[in-house]
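Atom set for the values below is all heavy atoms of this structure, side chains included, hydrogens, waters and symmetry mates excluded. All residue numbers refer to positions in the sequence shown, counting from 1.
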Amino acid sequence: MTTTATSFNYPSAAAPVYSIAEGASLGDLSDMLSARLAHLDAILAMTHGEAGEAFRTFRSDTQDTYLWGCRQLATECRELFEQVAARASHGTK
């Protein structure tokens, strides 16, 4: 059985590793987007306010890597949103 997948540029447009399976529904993509946004929210909560004080004591390379991970999650969310929006506009379930 051959499965067709939608190209997904996360983590890199130059060498995409992930794809969205043809059978993934709008609900599946919405659930994944919601989960990934919750992850990003929790991770970013450690970078400001009282928690941010501890974050700013990390070495600069650790902070850079942490925020790079946040950026990758945000990029993944943007791509998931584009897929959700495209399927919603076409009435795909």
Can you measure from [atom1] ([X]) to [atom2] ([Y]) and round to the nearest 0.5 angstrom?
X	Y	atom1	atom2	answer
Asp41	Leu73	CG	CG	11.5 Å
His39	Cys77	NE2	SG	9.5 Å
Leu67	Phe55	CG	CZ	4.0 Å

Any heavy-atom pair between the side chains of [Y] and [X] that's under 4.5 Å?
X	Y	value
Asp28	Ser25	yes
Gln72	Thr75	no
Ile20	Met32	no

Shortest non-hydrogen contact from [X] toward [Y]:
X	Y	answer
Val84	Leu33	CG2-CD2, 4.5 Å
Arg56	Gln63	O-NE2, 3.4 Å
Ala51	Ala45	CB-O, 3.7 Å
Thr47	Ile43	CG2-O, 4.2 Å

- Task: Kindly write out the residues that satisfy side-chain contact (heavy atoms from CB on, under 4.5 Å) with Asp64, not counting sequence neighbours, or none if the list is empty.
- Result: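 side-chain contact (heavy atoms from CB on, under 4.5 Å) list for Asp64, sorted by chain: empty.
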- Pairing residues for Arg59 by the salt bridge (charged side-chain N to carboxylate O under 4.0 Å, His left out) criterion, not counting sequence neighbours: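 With neighbours one apart ignored, the set is Asp61.
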- Would you indicate whether Phe81, at its atom CZ, is surrounded by more than 12 heavy atoms from other residues, nucleotides or ligands within a distance under 6.0 Å?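 Count not over threshold, so no.
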- Task: Go through the steps for Asp31 and Ser34 under the test side-chain hydrogen bond (donor to acceptor under 3.5 Å, both in side chains), then give the verdict.
- Result: CA-CA 5 Å; Asp31 289 347; Ser34 178; over 6 Å; no
- Query: Under 3.5 Å, is there a donor-acceptor pair between the side chain of Thr57 and the main chain of Ala54?
  - Reply: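 Judged by distance alone, yes, a pair lies under 3.5 Å.
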